[in-house]
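The block underneath contains the structure these notes are about, expressed in C-alpha coordinates.
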Number of protein chains: 2
Amino acid sequence: MARAPAAPVADVSVDLIRAAGVKVTRGRVRVLDALHAARQPLSHAEMEMRLDEGSEPAMDRVTLYRILDSLVACGLALKAVDTRGVFRFSAAGAQRQHANHVHFRCTDCGGVFCLKAEPPPPPRLPRGFRLNELAFDLRGTCAGCSSREAV
Amino acid sequence: MARAPAAPVADVSVDLIRAAGVKVTRGRVRVLDALHAARQPLSHAEMEMRLDEGSEPAMDRVTLYRILDSLVACGLALKAVDTRGVFRFSAAGAQRQHANHVHFRCTDCGGVFCLKAEPPPPPRLPRGFRLNELAFDLRGTCAGCSSREAV
DNA sequence: GCTACAAATGCAACAAGGTTGCGTTTACTG
DNA sequence: CAGTAAACGCAACCTTGTTGCATTTGTAGC
(Lines give C-alpha, C1' and ligand atoms only; values in the text may rest on other atoms or scores of the structure.)
Protein backbone atom coordinates (compact mmCIF):
# COMPACT_ATOMS: atom_id res chain seq x y z
CA MET A 1 0.00 0.00 0.00
CA ALA A 2 1.71 3.20 1.19
CA ARG A 3 0.01 4.67 -1.81
CA ALA A 4 -2.43 7.10 -0.24
CA PRO A 5 -0.93 10.56 0.12
CA ALA A 6 -1.31 12.53 3.30
CA ALA A 7 -3.93 14.87 1.87
CA PRO A 8 -6.59 14.01 -0.71
CA VAL A 9 -5.02 16.23 -3.32
CA ALA A 10 -5.84 14.24 -6.44
CA ASP A 11 -9.41 15.47 -6.59
CA VAL A 12 -10.68 15.13 -10.13
CA SER A 13 -13.63 17.43 -9.56
CA VAL A 14 -11.42 20.24 -8.29
CA ASP A 15 -9.29 20.07 -11.39
CA LEU A 16 -12.28 19.98 -13.69
CA ILE A 17 -13.88 22.96 -12.03
CA ARG A 18 -10.68 24.94 -12.08
CA ALA A 19 -10.12 24.07 -15.73
CA ALA A 20 -13.63 25.26 -16.51
CA GLY A 21 -12.59 28.69 -15.33
CA VAL A 22 -14.96 29.11 -12.43
CA LYS A 23 -14.36 29.39 -8.72
CA VAL A 24 -13.56 26.17 -6.89
CA THR A 25 -15.97 26.13 -3.98
CA ARG A 26 -16.75 23.37 -1.54
CA GLY A 27 -20.31 23.20 -2.78
CA ARG A 28 -19.37 22.75 -6.41
CA VAL A 29 -16.85 20.06 -5.57
CA ARG A 30 -19.34 18.14 -3.47
CA VAL A 31 -22.00 18.32 -6.16
CA LEU A 32 -19.70 17.37 -9.01
CA ASP A 33 -18.33 14.48 -6.95
CA ALA A 34 -21.84 13.26 -6.37
CA LEU A 35 -22.67 13.54 -10.06
CA HIS A 36 -19.60 11.52 -10.94
CA ALA A 37 -20.43 8.88 -8.34
CA ALA A 38 -24.00 8.53 -9.60
CA ARG A 39 -24.78 5.96 -12.23
CA GLN A 40 -27.98 7.69 -13.28
CA PRO A 41 -28.96 11.30 -13.79
CA LEU A 42 -30.05 12.76 -10.46
CA SER A 43 -32.93 15.08 -9.73
CA HIS A 44 -32.45 18.04 -7.45
CA ALA A 45 -34.27 16.22 -4.65
CA GLU A 46 -32.14 13.09 -5.00
CA MET A 47 -28.99 15.16 -5.00
CA GLU A 48 -30.13 16.94 -1.86
CA MET A 49 -30.63 13.61 -0.11
CA ARG A 50 -27.21 12.35 -1.09
CA LEU A 51 -25.54 15.48 0.14
CA ASP A 52 -27.43 15.28 3.41
CA GLU A 53 -26.03 11.83 4.09
CA GLY A 54 -22.50 13.21 4.32
CA SER A 55 -20.99 14.75 7.39
CA GLU A 56 -20.90 18.28 6.06
CA PRO A 57 -23.71 20.70 6.84
CA ALA A 58 -26.68 20.61 4.50
CA MET A 59 -26.51 22.97 1.59
CA ASP A 60 -29.18 25.54 0.89
CA ARG A 61 -31.82 24.48 -1.60
CA VAL A 62 -31.32 27.52 -3.78
CA THR A 63 -27.57 27.20 -3.68
CA LEU A 64 -27.85 23.65 -4.96
CA TYR A 65 -30.02 24.84 -7.84
CA ARG A 66 -27.47 27.50 -8.65
CA ILE A 67 -24.54 25.15 -8.40
CA LEU A 68 -26.22 22.68 -10.74
CA ASP A 69 -26.99 25.42 -13.21
CA SER A 70 -23.47 26.76 -13.02
CA LEU A 71 -22.04 23.32 -13.72
CA VAL A 72 -24.32 23.05 -16.72
CA ALA A 73 -23.33 26.53 -17.86
CA CYS A 74 -19.63 25.71 -17.81
CA GLY A 75 -20.13 22.39 -19.53
CA LEU A 76 -19.40 20.07 -16.63
CA ALA A 77 -22.95 18.78 -16.25
CA LEU A 78 -25.96 18.08 -18.41
CA LYS A 79 -29.56 18.92 -17.70
CA ALA A 80 -32.54 16.98 -19.05
CA VAL A 81 -36.20 16.48 -18.27
CA ASP A 82 -37.51 13.12 -17.10
CA THR A 83 -40.93 11.66 -17.89
CA ARG A 84 -42.48 13.37 -14.86
CA GLY A 85 -41.25 16.76 -15.95
CA VAL A 86 -38.47 17.01 -13.38
CA PHE A 87 -34.98 18.17 -14.30
CA ARG A 88 -32.19 15.65 -13.94
CA PHE A 89 -28.48 16.33 -13.96
CA SER A 90 -25.54 14.17 -14.92
CA ALA A 91 -21.80 14.63 -15.17
CA ALA A 92 -20.95 15.81 -18.66
CA GLY A 93 -18.21 13.27 -19.27
CA ALA A 94 -20.60 10.41 -18.76
CA GLN A 95 -22.70 11.46 -21.71
CA ARG A 96 -20.40 13.04 -24.21
CA GLN A 97 -20.24 9.62 -25.77
CA HIS A 98 -24.03 9.59 -26.14
CA ALA A 99 -24.22 12.83 -28.05
CA ASN A 100 -23.61 11.47 -31.47
CA HIS A 101 -25.49 8.30 -32.00
CA VAL A 102 -28.94 6.84 -32.12
CA HIS A 103 -30.83 5.44 -29.14
CA PHE A 104 -33.43 2.74 -28.92
CA ARG A 105 -35.78 3.18 -25.98
CA CYS A 106 -37.79 0.17 -24.91
CA THR A 107 -41.32 1.18 -24.02
CA ASP A 108 -41.71 -1.92 -21.86
CA CYS A 109 -38.68 -1.96 -19.61
CA GLY A 110 -37.55 1.63 -20.13
CA GLY A 111 -34.10 0.50 -21.11
CA VAL A 112 -31.92 2.61 -23.39
CA PHE A 113 -29.80 0.89 -26.03
CA CYS A 114 -27.12 2.59 -28.06
CA LEU A 115 -27.19 1.76 -31.75
CA LYS A 116 -24.09 1.94 -33.86
CA ALA A 117 -25.71 4.14 -36.48
CA GLU A 118 -24.91 7.83 -36.81
CA PRO A 119 -27.78 10.30 -36.60
CA PRO A 120 -28.93 11.66 -39.95
CA PRO A 121 -28.19 15.26 -40.94
CA PRO A 122 -30.76 17.78 -39.69
CA PRO A 123 -33.33 19.05 -42.19
CA ARG A 124 -33.46 22.70 -43.10
CA LEU A 125 -35.03 24.85 -40.40
CA PRO A 126 -37.43 27.76 -40.85
CA ARG A 127 -35.90 31.23 -40.67
CA GLY A 128 -34.95 32.28 -37.16
CA PHE A 129 -34.79 28.81 -35.69
CA ARG A 130 -31.52 27.83 -34.01
CA LEU A 131 -30.54 24.21 -33.55
CA ASN A 132 -28.76 23.09 -30.40
CA GLU A 133 -29.33 19.41 -30.14
CA LEU A 134 -30.48 16.53 -32.21
CA ALA A 135 -32.14 13.39 -30.94
CA PHE A 136 -33.00 10.46 -33.11
CA ASP A 137 -34.86 8.06 -30.85
CA LEU A 138 -36.42 4.79 -31.85
CA ARG A 139 -39.09 3.47 -29.54
CA GLY A 140 -40.35 -0.05 -29.40
CA THR A 141 -39.74 -3.33 -27.67
CA CYS A 142 -36.27 -4.62 -26.98
CA ALA A 143 -35.22 -8.21 -27.63
CA GLY A 144 -35.60 -9.23 -24.01
CA CYS A 145 -39.10 -7.85 -23.59
CA SER A 146 -40.17 -9.18 -26.98
CA SER A 147 -39.33 -12.75 -26.08
CA ARG A 148 -40.85 -12.38 -22.63
CA GLU A 149 -44.08 -11.10 -24.20
CA ALA A 150 -44.28 -14.11 -26.48
CA VAL A 151 -44.72 -16.39 -23.46
CA MET B 1 -78.52 19.07 -48.78
CA ALA B 2 -81.33 18.70 -46.25
CA ARG B 3 -78.75 16.68 -44.41
CA ALA B 4 -78.02 18.85 -41.41
CA PRO B 5 -80.40 18.08 -38.54
CA ALA B 6 -81.99 20.82 -36.52
CA ALA B 7 -79.64 20.44 -33.57
CA PRO B 8 -75.81 20.26 -33.83
CA VAL B 9 -75.79 16.56 -33.23
CA ALA B 10 -72.86 15.63 -35.40
CA ASP B 11 -70.32 16.46 -32.72
CA VAL B 12 -67.30 14.28 -33.18
CA SER B 13 -66.03 14.86 -29.68
CA VAL B 14 -69.32 13.85 -28.11
CA ASP B 15 -69.33 10.58 -29.99
CA LEU B 16 -65.73 9.87 -29.12
CA ILE B 17 -66.31 10.55 -25.45
CA ARG B 18 -69.44 8.43 -25.36
CA ALA B 19 -67.69 5.63 -27.20
CA ALA B 20 -64.91 5.77 -24.64
CA GLY B 21 -67.46 4.85 -22.00
CA VAL B 22 -67.24 7.92 -19.81
CA LYS B 23 -69.78 10.64 -19.08
CA VAL B 24 -70.31 13.23 -21.76
CA THR B 25 -69.95 16.54 -19.97
CA ARG B 26 -69.72 20.01 -21.41
CA GLY B 27 -66.22 20.41 -20.04
CA ARG B 28 -64.90 17.28 -21.67
CA VAL B 29 -66.47 18.19 -25.00
CA ARG B 30 -64.98 21.68 -24.93
CA VAL B 31 -61.53 20.39 -24.06
CA LEU B 32 -61.54 17.61 -26.62
CA ASP B 33 -62.78 20.04 -29.27
CA ALA B 34 -59.91 22.36 -28.42
CA LEU B 35 -57.42 19.52 -28.60
CA HIS B 36 -58.70 18.55 -32.02
CA ALA B 37 -58.58 22.13 -33.24
CA ALA B 38 -54.99 22.59 -32.03
CA ARG B 39 -52.15 21.93 -34.41
CA GLN B 40 -49.65 21.47 -31.60
CA PRO B 41 -49.75 19.79 -28.23
CA LEU B 42 -51.11 22.26 -25.70
CA SER B 43 -49.98 22.92 -22.18
CA HIS B 44 -52.50 23.33 -19.40
CA ALA B 45 -51.97 27.10 -19.45
CA GLU B 46 -52.44 27.35 -23.22
CA MET B 47 -55.59 25.29 -23.02
CA GLU B 48 -56.94 27.53 -20.28
CA MET B 49 -56.38 30.60 -22.44
CA ARG B 50 -58.14 29.09 -25.41
CA LEU B 51 -61.13 28.12 -23.34
CA ASP B 52 -61.30 31.60 -21.85
CA GLU B 53 -61.62 33.11 -25.31
CA GLY B 54 -64.96 31.40 -25.85
CA SER B 55 -68.26 32.68 -24.61
CA GLU B 56 -68.79 30.03 -21.97
CA PRO B 57 -67.77 30.68 -18.40
CA ALA B 58 -64.19 29.90 -17.55
CA MET B 59 -63.52 26.43 -16.29
CA ASP B 60 -61.91 25.72 -12.94
CA ARG B 61 -58.16 25.13 -13.07
CA VAL B 62 -58.41 21.84 -11.22
CA THR B 63 -61.32 20.66 -13.32
CA LEU B 64 -59.26 21.23 -16.44
CA TYR B 65 -56.44 19.16 -14.98
CA ARG B 66 -58.89 16.40 -14.18
CA ILE B 67 -60.56 16.53 -17.57
CA LEU B 68 -57.22 16.30 -19.33
CA ASP B 69 -56.19 13.36 -17.18
CA SER B 70 -59.50 11.63 -17.75
CA LEU B 71 -59.15 12.03 -21.52
CA VAL B 72 -55.70 10.52 -21.29
CA ALA B 73 -56.98 7.70 -19.09
CA CYS B 74 -59.66 6.73 -21.62
CA GLY B 75 -57.29 6.95 -24.55
CA LEU B 76 -58.66 10.07 -26.21
CA ALA B 77 -55.64 12.24 -25.46
CA LEU B 78 -51.92 11.88 -25.08
CA LYS B 79 -49.73 13.40 -22.41
CA ALA B 80 -46.07 14.23 -22.86
CA VAL B 81 -43.44 16.41 -21.24
CA ASP B 82 -41.92 19.36 -23.07
CA THR B 83 -38.35 20.58 -22.72
CA ARG B 84 -39.21 22.87 -19.82
CA GLY B 85 -40.78 20.04 -17.90
CA VAL B 86 -44.38 21.07 -18.56
CA PHE B 87 -47.02 18.54 -19.55
CA ARG B 88 -48.55 18.92 -22.98
CA PHE B 89 -51.68 17.23 -24.26
CA SER B 90 -52.80 16.32 -27.74
CA ALA B 91 -55.78 14.55 -29.24
CA ALA B 92 -55.00 10.88 -29.58
CA GLY B 93 -56.00 10.71 -33.24
CA ALA B 94 -53.83 13.66 -34.14
CA GLN B 95 -50.78 11.85 -32.94
CA ARG B 96 -50.95 9.31 -35.70
CA GLN B 97 -50.27 11.97 -38.27
CA HIS B 98 -47.41 13.28 -36.16
CA ALA B 99 -45.78 9.92 -36.11
CA ASN B 100 -44.18 10.40 -39.43
CA HIS B 101 -42.48 13.72 -39.48
CA VAL B 102 -39.86 15.73 -37.68
CA HIS B 103 -40.43 17.96 -34.65
CA PHE B 104 -38.56 20.98 -33.45
CA ARG B 105 -38.78 21.54 -29.71
CA CYS B 106 -37.94 24.97 -28.36
CA THR B 107 -35.93 24.75 -25.15
CA ASP B 108 -37.03 28.27 -24.18
CA CYS B 109 -40.80 28.30 -24.53
CA GLY B 110 -41.36 24.56 -24.77
CA GLY B 111 -43.26 24.89 -28.02
CA VAL B 112 -43.40 22.05 -30.51
CA PHE B 113 -43.18 22.81 -34.22
CA CYS B 114 -43.81 20.39 -37.03
CA LEU B 115 -41.25 20.47 -39.81
CA LYS B 116 -42.08 19.51 -43.32
CA ALA B 117 -39.20 17.08 -43.57
CA GLU B 118 -39.74 13.36 -43.48
CA PRO B 119 -37.88 11.39 -40.86
CA PRO B 120 -34.90 9.44 -42.12
CA PRO B 121 -35.18 5.69 -42.51
CA PRO B 122 -34.48 3.78 -39.31
CA PRO B 123 -31.13 2.07 -39.04
CA ARG B 124 -30.98 -1.66 -38.84
CA LEU B 125 -31.99 -3.00 -35.44
CA PRO B 126 -30.35 -5.82 -33.54
CA ARG B 127 -32.08 -9.19 -33.70
CA GLY B 128 -35.28 -9.38 -31.66
CA PHE B 129 -35.89 -5.63 -31.47
CA ARG B 130 -39.27 -4.41 -32.66
CA LEU B 131 -39.78 -0.83 -33.75
CA ASN B 132 -43.01 0.95 -32.87
CA GLU B 133 -42.26 4.60 -33.13
CA LEU B 134 -39.63 6.83 -34.51
CA ALA B 135 -38.85 10.26 -33.11
CA PHE B 136 -36.47 12.62 -34.80
CA ASP B 137 -36.43 15.63 -32.52
CA LEU B 138 -34.46 18.78 -33.02
CA ARG B 139 -33.95 20.94 -29.97
CA GLY B 140 -33.01 24.57 -29.92
CA THR B 141 -34.52 28.03 -29.94
CA CYS B 142 -37.54 28.91 -32.05
CA ALA B 143 -37.78 32.05 -34.13
CA GLY B 144 -39.92 33.87 -31.57
CA CYS B 145 -37.64 33.17 -28.63
CA SER B 146 -34.52 33.89 -30.71
CA SER B 147 -35.65 37.39 -31.61
CA ARG B 148 -36.84 38.05 -28.09
CA GLU B 149 -33.43 37.03 -26.76
CA ALA B 150 -31.63 39.36 -29.14
CA VAL B 151 -33.28 42.44 -27.61
C1' DG C 1 0.40 37.13 3.97
C1' DC C 2 -2.92 41.07 3.08
C1' DT C 3 -6.41 43.59 0.46
C1' DA C 4 -10.08 44.27 -2.69
C1' DC C 5 -13.47 42.83 -5.64
C1' DA C 6 -16.31 39.78 -8.02
C1' DA C 7 -18.42 35.57 -7.52
C1' DA C 8 -20.80 32.41 -4.62
C1' DT C 9 -23.78 31.58 -0.73
C1' DG C 10 -27.84 31.78 2.57
C1' DC C 11 -32.24 33.42 3.49
C1' DA C 12 -36.83 34.94 2.52
C1' DA C 13 -40.20 35.43 -0.50
C1' DC C 14 -42.40 34.40 -4.71
C1' DA C 15 -44.25 31.95 -8.93
C1' DA C 16 -45.76 28.17 -11.89
C1' DG C 17 -47.35 23.68 -12.31
C1' DG C 18 -49.78 20.13 -10.31
C1' DT C 19 -52.48 17.45 -6.54
C1' DT C 20 -55.78 16.38 -2.61
C1' DG C 21 -60.01 16.71 0.13
C1' DC C 22 -64.67 17.74 0.39
C1' DG C 23 -69.20 19.40 -0.34
C1' DT C 24 -72.31 20.31 -4.35
C1' DT C 25 -74.02 19.60 -8.98
C1' DT C 26 -74.90 16.82 -13.02
C1' DA C 27 -75.18 12.92 -16.35
C1' DC C 28 -76.75 8.56 -16.80
C1' DT C 29 -79.50 4.17 -15.11
C1' DG C 30 -83.63 2.00 -14.06
C1' DC D 1 -88.55 11.00 -12.40
C1' DA D 2 -85.83 9.41 -8.46
C1' DG D 3 -81.23 7.48 -7.07
C1' DT D 4 -76.43 7.17 -7.65
C1' DA D 5 -71.86 7.45 -9.11
C1' DA D 6 -69.18 10.49 -11.54
C1' DA D 7 -67.81 15.11 -12.44
C1' DC D 8 -67.35 19.75 -10.86
C1' DG D 9 -65.93 24.02 -8.09
C1' DC D 10 -63.47 25.73 -4.38
C1' DA D 11 -59.87 26.10 -1.05
C1' DA D 12 -55.84 24.62 0.48
C1' DC D 13 -51.56 22.43 -0.15
C1' DC D 14 -47.25 20.38 -2.28
C1' DT D 15 -43.24 20.25 -5.33
C1' DT D 16 -40.20 22.32 -8.35
C1' DG D 17 -37.83 26.16 -9.66
C1' DT D 18 -36.68 31.39 -9.57
C1' DT D 19 -35.58 36.29 -7.90
C1' DG D 20 -33.73 39.93 -4.79
C1' DC D 21 -30.66 41.21 -1.46
C1' DA D 22 -27.39 41.11 2.28
C1' DT D 23 -23.32 38.40 3.69
C1' DT D 24 -19.43 35.37 3.01
C1' DT D 25 -15.65 33.42 0.37
C1' DG D 26 -12.33 32.37 -3.47
C1' DT D 27 -8.86 34.35 -6.06
C1' DA D 28 -5.96 37.86 -8.38
C1' DG D 29 -2.74 41.44 -7.48
C1' DC D 30 0.18 43.43 -4.50
Side-chain angles (χ1 to χ4, degrees), chain A residues 11 13-33 41-52 54 56-74 76-89, chain B residues 7 9 11 13-32 41-52 56-74 76-77 79-89 107-111:
Chain A
D11 196 332
S13 296
V14 170
D15 294 342
L16 283 171
I17 295 169
R18 203 188 313 276
V22 296
K23 283 190 185 178
V24 180
T25 67
R26 201 184 309 176
R28 287 216 250 253
V29 175
R30 283 170 73 192
V31 171
L32 191 52
D33 276 347
L42 299 179
S43 68
H44 176 276
E46 288 166 353
M47 174 67 73
E48 216 168 7
M49 283 191 299
R50 298 206 182 194
L51 295 178
D52 277 353
E56 299 196 54
M59 163 181 311
D60 185 70
R61 231 169 55 82
V62 178
T63 300
L64 177 52
Y65 273 113
R66 288 201 264 235
I67 286 177
L68 287 168
D69 280 339
S70 76
L71 292 178
V72 171
C74 69
L76 292 176
L78 293 164
K79 186 179 188 176
V81 179
D82 72 11
T83 50
R84 287 178 323 167
V86 177
F87 289 127
R88 287 181 173 270
F89 299 84
Chain B
V9 186
D11 197 332
S13 297
V14 170
D15 294 342
L16 284 170
I17 294 169
R18 203 189 314 277
V22 295
K23 282 192 187 176
V24 180
T25 68
R26 200 183 312 176
R28 287 216 250 253
V29 175
R30 282 171 74 191
V31 170
L32 190 53
L42 299 179
S43 68
H44 176 275
E46 289 166 352
M47 174 67 74
E48 217 168 7
M49 283 191 300
R50 299 205 179 196
L51 295 179
D52 277 354
E56 300 198 51
M59 165 181 307
D60 186 68
R61 230 169 57 84
V62 178
T63 300
L64 177 52
Y65 273 114
R66 289 201 264 232
I67 286 179
L68 287 168
D69 280 339
S70 77
L71 291 178
V72 171
C74 69
L76 293 176
K79 187 178 187 176
V81 180
D82 73 13
T83 50
R84 287 179 322 171
V86 177
F87 290 128
R88 286 179 175 268
F89 300 84
T107 46
D108 277 24
C109 67

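Residue numbering restarts at 1 for every chain, and letters A, B, ... go by the order of the sequence lines.
- Side-chain N/O atoms of A:R66 and base N/O atoms of C:dG10 include a donor-acceptor pair closer than 3.5 Å.
- Proximity of B:E56 to B:R30: side-chain heavy atoms (C-beta onward) are separated by under 4.5 Å at one or more points.
- In this structure, CG of A:L64 is placed 14 Å from C1' of D:dT18, rounded to the nearest angstrom.
- Between the CZ atom of A:R30 and the C1' atom of C:dG10 there is a distance of 14 Å, given to the nearest Å.
- Shortest non-hydrogen contact noted between A:D69 and A:F89 is OD1-CE2, 4.3 Å.
- When the C1' atom of D:dG17 is taken as reference, atom CG of A:D69 falls 9 Å away, rounded to whole Å.
- Atom CZ in A:R18 sits roughly 13 Å away from atom C1' in D:dA28 (whole-Å rounding).
- No side-chain heavy atom of A:V86 sits less than 4.5 Å from a side-chain heavy atom of A:V81.
- Taking the ring centroids of B:H44 and B:Y65, they lie under the 6.0 Å cut-off.
- Judged by closest nucleotide on DNA chain C, B:G85 is the one of B:G85 and B:V22 placed further toward the 5' end.
- The distance between atom CG of A:D82 and atom C1' of D:dT15, rounded to the nearest whole Å, is 13 Å.
- Contact annotation: side chain of B:R61 to base of D:dG9, donor-acceptor pair absent below 3.5 Å.
- B:V24 comes within 4.0 angstrom of sugar-phosphate atoms only, judged by non-hydrogen atoms across all strands, and of no base.
- Of the candidates C:dC11, C:dT9, C:dA6, the closest approach to any side-chain atom of A:K23 belongs to C:dA6.
- For the atom pair CZ of A:R18 and CZ of A:R28, the computed distance is 12.0 Å after rounding to the nearest 0.5 Å.
- We find that CZ of A:R26 is positioned 12 Å from C1' of C:dT9, with the value rounded to whole Å.
- Summarising the geometry, the separation between CD1 on A:I17 and P on C:dA7 is reported as 17 Å, rounded to the nearest angstrom.
- In this structure, B:T25 reaches the sugar-phosphate backbone alone: every heavy-atom distance under 4.0 Å involves primed, P, OP1 or OP2 atoms, never a base.
- If you check D:dG9, C:dT19, C:dA12 against the side chain of B:Y65, the one that comes closest is C:dT19.
- Each of A:H44 and B:T63 was assigned the nucleotide of DNA chain D with the nearest heavy atom; the assignment lying further toward the 5' end belongs to B:T63.
- Atoms CG (B:D60) and C1' (D:dA6) sit 16 Å apart, rounded to a whole Å.
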